[in-house]
There are 2 protein chains.
Amino acid sequence: MATININGNIQEASCDQELAAIKDSLEILGGKWKLRIMRHLNNHVGEKNTFKKLQREIEGISAKMLSKELQDLEMNLLVSRTVMDTRPVTVNYSITDYGLSVFPVTETLVQWGLNHRQKIKA
Amino acid sequence: MATININGNIQEASCDQELAAIKDSLEILGGKWKLRIMRHLNNHVGEKNTFKKLQREIEGISAKMLSKELQDLEMNLLVSRTVMDTRPVTVNYSITDYGLSVFPVTETLVQWGLNHRQKIKA
DNA sequence: CGGAATCCGGCCCGATACTG
DNA sequence: CAGTATCGGGCCGGATTCCG
């Protein structure tokens, strides 16, 4: 099916798959808060990152957004959620090993973004 | 100014710059059409990529969005615009050398996205 | 042909109030 | 403490129409 090469049809076909993959990536990297949360968790690994602590330390985030974004990240296996049986209950969030895999990707975004800012202002 | 290291303040400070750089990158990679346009232009380099040809070949895009996105890309030096003095006038778009620099970045997004899809469905 | 102008719906996100 | 419910604004993007 991918053998017809007459007019560059192969590139167009694979292009769709690649665009879908990019979309998947951007859905996680693209929001306003997901990367902030991931980076914060990574900078505070080893601490008890409770919901309230995160809300205090991640400047400007509302409880609603923090809750929603943490659920998204957990569904994507990037963040783990642990209910501690304290009184009253606290919940501890931490980045997963798999979650660390986003940082090489974000690093390329950082480098390109920095370079682009130079390019544009020149 | 970045020497105060008591509570991890350095990471937080540089974090802001990096998040700004990421935001810059995502503003270009993030929209619905910019990457499709860039990739299409790259797959059809050497052809006369007129506005109408792009609108025909980039499936689903409206004139309004194509116009707007091309302007954005041109302002960011990623795409060049050439008015041909035909009658009636046609305009030719092509990707710039600098524009090619986005593809290494998108490639990391493709790889992570493909891997993530595997990870999630497992 | 290559746009610009306008209207409009959906969704992301913030503010506020409430629950177990 | 750890969320959920509700309301609403803003912006992205689609459909349509008009201009040089």
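Letters A, B, ... mirror the listed sequences (proteins, then strands); counts begin at 1. All figures in this text were calculated on a predicted structure; none of them were measured in a lab.
In terms of the side-chain contact (heavy atoms from CB on, under 4.5 Å) criterion, residue partners of L114(A) (sequence neighbours excluded) are, by chain and number, V110(A), A21(B).
The nearest pair of heavy atoms linking L54(B) to H40(B) is CD2-CD2, 3.7 Å. For the residue pair I120(B) and M75(A), the shortest heavy atom distance occurs at CD1-O, 4.0 Å.
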Run the side chain to side chain contact (heavy atoms under 4.5 Å, CB included) check on L109(B) and W112(B) step by step: do they pass?
-> CA-CA 5 Å; L109(B) 294 175; W112(B) 194 87; 6.0 Å; no
Steps toward side-chain hydrogen bond (donor to acceptor under 3.5 Å, both in side chains) verdict (T96(A), S80(A)) | CA-CA 6 Å; T96(A) 63; S80(A) 67; over 6 Å; no
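One finds no salt bridge joining E27(A) and K34(A) here, because no Lys/Arg side-chain nitrogen approaches an Asp/Glu carboxylate oxygen to under 4.0 Å.
A 4.5 Å side-chain heavy-atom check between V91(A) and T82(A) finds every atom pair outside the cut-off.
Read 5' to 3', the first and last nucleotides of DNA chain C with an atom closer than 4.0 Å to a heavy atom of chain A are dC13(C) to dA15(C).
Residue pairs meeting the salt bridge (charged side-chain N to carboxylate O under 4.0 Å, His left out) criterion with at least one member in residues 96-122 of chain A, sequence neighbours excluded: R117(A)-D24(B).
Close to dG3(D), at under 4.0 Å from its OP1 or OP2, lies a side-chain N or O of Y93(A).
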Quick one: what's the B/S/- string for nucleotides 5-20 of chain D, heavy-atom cutoff under 4.0 Å, read 5' to 3'?
-> -BB-----BBB-----
Name every donor-acceptor pair, under 3.5 Å, that has one atom in a side chain of residues 58-66 of chain B and the other anywhere in the protein, sequence neighbours excluded.
from	atom 1	to	atom 2	distance (Å)
S62(B)	OG	M65(B)	N	3.3

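Rounding to whole angstrom units, CD of residue Q55(A) and C1' of dA2(D) are separated by 10 Å. For L66(A) and dA2(D), the CG to P distance is 10 Å, given to the nearest whole Å. R87(A) places its CZ atom 14 Å from the P atom of dA2(D), with the value rounded to the nearest Å.
Side-chain contact, T50(B) with T90(B): no donor N or O sits under 3.5 Å from an acceptor N or O.
For residues 71-78 of chain A, proximity to DNA chain D is found at Q71(A), defined as any non-hydrogen atom under 4.0 angstrom from a strand atom.
Under the 30°/60° scheme for interplanar angles, the aromatic rings of F51(A) and Y93(A) are found to be tilted.
When heavy atoms are screened at a 4.0 angstrom cut-off, T50(B) is found touching the sugar-phosphate backbone but no base atom.
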